[in-house]
Amino acid sequence: MLLRLPTSVSEARECLAEGAVPIGGATLLWAEWQRDGFPALAMSLRGVPEANALGRGALGAAVVLHRIDDRVPDVLRLAAAGVGTGAVRRTATVGGNLVGSTLRCLLPAALVLEARASVLGPDGVQETDLAEVTAKRPLLLGLRWRDPVASAYRKLPADPGGRPPVTLAVALHADTPGHRRLRVAVRDGYEVVDGAAPCDDNIDNALRTLRGTALGHLPEAAWDAVDAQVGEVLRAADDG
């Protein structure tokens with residue numbers, strides 16, 4: 001297998017045109033390649049600046065999870081910190097988690113941040129939403145978002161070897177002065193559902209609105225966690 005290391009978006013586009021298979025830390029692909037055979041050509045984005053962004057409102061696809069720190073909102077930092085083991089987080093990348101993984105541990109956090117994705121295709125760089133990223137699995141360059149007022153993340157206990165743990169992400173956004181909006185996303189099994197609700201005064205009204213979204217089918221245990229997490233985010237916003 002020949003590994004290409006482009007140092008610009010244009011070089012990465014050329015690699016794609018040559019049929020290169022994108023890899024990050026290859027934590028998910030290695031076993032598959034050992035079973036089915038290695039590709040002739042692969043490429044990593046670790047030398048492309050746009051794919052290594054890590055700062056206010058931006059996170060590159062080539063960033064390894066253990067590097068994600070308080071330069072990003074709490075919900076994203078905590079989601080990354082909860083992925084696998086320390087060894088996994090030192091090699092797994094943002095792009096691999098969102099595009100290559102069936103668990104997509106970072107997806108609930110990215111959804112509540114209302115992140116937009118930059119992807120690279122034959123026609124160059126385009127911006128798209130997360131639904132298209134998870135459905136079509138393009139080459140992800142990075143994510144961008146507007147920082148929320150407050151956010152939180154939680155992973156519920158789960159039995160070893162059983163279903164993936166329920167994870168939930170909450171963010172509070174301020175659209176205009178005096179008008180706040182809650183975004184909640186939950187991974188239940190391998191499915192991720194999300195919803196939004198105005199949250200100007202009455203938290204109970206916001207929770208009732210959220211139950212009318214795709215979140216409404218969640219088990220009560222998940223809803224208990226959502227209630228608690230929403231309360232935590234609102235307290236953090238008020239204290240801040």
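Here the structure is a predicted model, which means the values were calculated and not measured.
When the salt bridge (Lys or Arg N to Asp or Glu O under 4.0 Å) test is applied to R4, the partners found at least two apart in sequence or on another chain are E18. Scored by the salt bridge (Lys or Arg N to Asp or Glu O under 4.0 Å) test, E127 finds R116 as partners (sequence neighbours excluded). Applying the salt bridge (Lys or Arg N to Asp or Glu O under 4.0 Å) test to R90 and every residue at least two apart in sequence or in another chain returns nothing. Checked against side-chain contact (heavy atoms from CB on, under 4.5 Å), A61 has the following partners two or more places apart in sequence or in another chain: L140.
Legend: salt bridge (charged side-chain N to carboxylate O under 4.0 Å, His left out) pairs involving residues 47-59, not counting sequence neighbours, sorted by first then second residue: R56-D147.
Just one residue in the list L106, L111, D194 forms a side chain to side chain contact (heavy atoms under 4.5 Å, CB included) with L130, and that residue is L111. If you run side chain to side chain contact (heavy atoms under 4.5 Å, CB included) between L215 and each of T209, L210, L168, only L210 comes through.
Residues V112 and Y153 have side chains not in contact (no heavy-atom distance under 4.5 Å, counting atoms from C-beta outward). Side-chain contact between R154 and L78 is absent, with no heavy-atom pair separated by less than 4.5 Å.
Taking the charged nitrogens against the carboxylate oxygens, D74 and R77 do have a contact shorter than 4.0 Å, which makes a salt bridge. Taking a cutoff of 4.0 Å between a charged side-chain nitrogen and a carboxylate oxygen, R183 and E114 qualify as a salt bridge.
The backbone N or O of V83 lies less than 3.5 Å from a partner atom in the side chain of R89, making a donor-acceptor pair.
Counting side-chain heavy-atom gaps under 4.5 Å among Ile, Leu, Val, Met, Phe, Trp and Tyr, the cluster of Y190 also holds L103.
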